[in-house]
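Order of listing sets the numbers, starting from 1, for every ligand and every atom in it.
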Amino acid sequence: MSAIILDGSATARKIREELTAQTAELTSSTGVVPRLDVVLVGDDPASVTYVGMKKRAAEAAGMRSETHRLSADATQEQVLELVRSLNADPGVHGILVQHPVPRHLDEQAILDAVSPEKDVDGISSLSLGRLLTGLPSFRPCTPLGIIRLLDEYGVEIQGRRAVVVGRSIILGKPAGLLLLERHATVTVCHSRTQDLPAICCEADILVAAVGKAEMIRGDWIKPGACVIDAGYNRLPGRDRDVGDVRYEEASAVAGRITPVPGGVGPMTIAMLLQNTLEAARLQAGV
Ligand code: NDP
């Protein structure tokens, strides 16, 4: 038996169509065109690609998007000054600082400089603290996309055992918190977890957020489990990226599984647009 595929591309397409209609509605009723501005420091090729994708996606949904590029040797003060000017600009509703920023910069201080009402990436200390507290904030886009995908496919979360492998601040930790908020029983694993395969085997919902190509094997998966693979890894000799899960093995055991590509990735962009529209609505008092 092969697992049901959780098709992130198709789901994201449907969400983006809905967001396009809602954006048009907001614009026709209030004159407000939601605008997402991206700060890109340096010229890391992957970051340049991601920023381009986000801008095109925003524009395709009827939003505006500007990219502000600073050179790789920009100072902390120059980046902060740019963020402050975007905070102060009433025409800008969402701000995303593309990360990672060059190593000489204090990334957390830059993320924390984004106004909470414009923090559509949801990874400032304040937004994450509000998630921890259970207060409203923009939730980080990749974990939010994971929950939305589970919901779209009717995967029950409440009461289920969820295991998240990875504890990064943008992905693993907030994914664990969002699953906890939805009443899963959550275990978050990391590089020092002992007997990882046995813990993964207990998961009804297994979220792989490690960044290690095909690390999670078929025999780490409980039969019938739902496997969410957030990983994107380049392997030499492969023409496309692979996830953190060995797909062929896992899909033979799992009940549901996300492909890579076409699973979590497209959902992340859809959630960024959703947060941007919500930011514009809130700032317009709608
Ligand atoms: P990080 O490198 O920041 O975090 C990786 C996490 O995995 C860490 O918590 C680390 O543990 C843990 N880890 C590393 N090795 C092991 C191991 N052998 N066993 C158990 N845990 C381990 O990565 P990110 O969270 O930023 O990204 C993870 C993956 O998700 C990457 O492939 C990335 O490309 C992808 N990604 C995809 C996105 C999307 O839109 N689909 C968005 C963001 C990321 P420790 O904390 O102990 O070091």
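In terms of protein heavy-atom proximity, atom 14 (C) of ligand 1 is closest to V210 CG1, 3.6 Å. At the top of the distance list for atom 27 (O) of ligand 1, counting protein heavy atoms only, stands L171 CD2, 4.0 Å. Regarding atom 39 (C) of ligand 1, its nearest protein heavy-atom neighbour is T268 OG1, 3.7 Å. Ranking protein heavy atoms by distance to atom 35 (C) of ligand 1, first place goes to A230 O, 3.3 Å. When only non-hydrogen protein atoms are considered, atom 41 (N) of ligand 1 lies nearest to Y232 CE1, 3.4 Å. Closest to atom 9 (O) of ligand 1, if we only count protein heavy atoms, is R167 N, 2.8 Å. Remark: minimum distance from atom 24 (P) of ligand 1 to any protein heavy atom is reached at S168 OG, 3.7 Å. For atom 43 (C) of ligand 1, the nearest protein heavy atom (residue, atom name, distance) is I170 CD1, 3.8 Å.
Taking the side chain as every heavy atom from C-beta outward, R35 and E66 approach each other to under 4.5 Å. Contact of the R182 side chain with the Q158 side chain is not registered, since no non-hydrogen atoms from C-beta on lie closer than 4.5 Å. The shortest distance between side-chain heavy atoms of E202 and K222 does not fall below 4.5 Å. Proximity of F138 to D121: side-chain heavy atoms (C-beta onward) are nowhere separated by under 4.5 Å. The shortest distance between side-chain heavy atoms of M63 and E59 does not fall below 4.5 Å. Considering only heavy atoms from C-beta on, V286 comes within 4.5 Å of L26 through its side chain. Side-chain contact between L282 and E117 is absent, with no heavy-atom pair separated by less than 4.5 Å.
Interface atoms of ligand 1 facing M215, defined by a heavy-atom separation under 4.0 Å, are 17 (C), 18 (N), 19 (N). Here is the list of ligand 1 atoms found below 4.0 Å of a heavy atom in L196: 19 (N), 20 (C). Distances below 4.0 Å separate heavy atoms of N233 from the following atoms of ligand 1: 32 (O). Below 4.0 Å from some heavy atom of A209 lie the following atoms of ligand 1, by number and element: 5 (C), 6 (C), 7 (O), 28 (C). Atoms of ligand 1 lying under 4.0 Å from any heavy atom of K212, numbered from 1 in the order shown and given with element: 15 (N). Within ligand 1, counting atoms from 1 as listed, the ones closer than 4.0 Å to a heavy atom of G211 are 28 (C), 29 (C), 31 (C), 32 (O). Here is the list of ligand 1 atoms found below 4.0 Å of a heavy atom in G265: 41 (N).
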Working for side-chain contact (heavy atoms from CB on, under 4.5 Å), residues L131 and R139: CA-CA 7 Å; L131 166 61; R139 305 310 200 204; 3.6 Å; yes
Could you walk me through whether I146 and L171 pass the side-chain contact (heavy atoms from CB on, under 4.5 Å) check? CA-CA 10 Å; I146 290 172; L171 182 45; 4.2 Å; yes
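Crowding of R64 atom CZ: a count of heavy atoms from other residues, nucleotides or ligands under 6.0 Å not exceeding 12.
Side-chain contact, S124 with D119: a donor N or O sits under 3.5 Å from an acceptor N or O.
Where the criterion is an N or O separation shorter than 3.5 Å, residue side chain and backbone included, S191 meets it with respect to ligand 1. Considering backbone and side-chain atoms alike, R192 places every N or O at 3.5 Å or more from each N or O of ligand 1.
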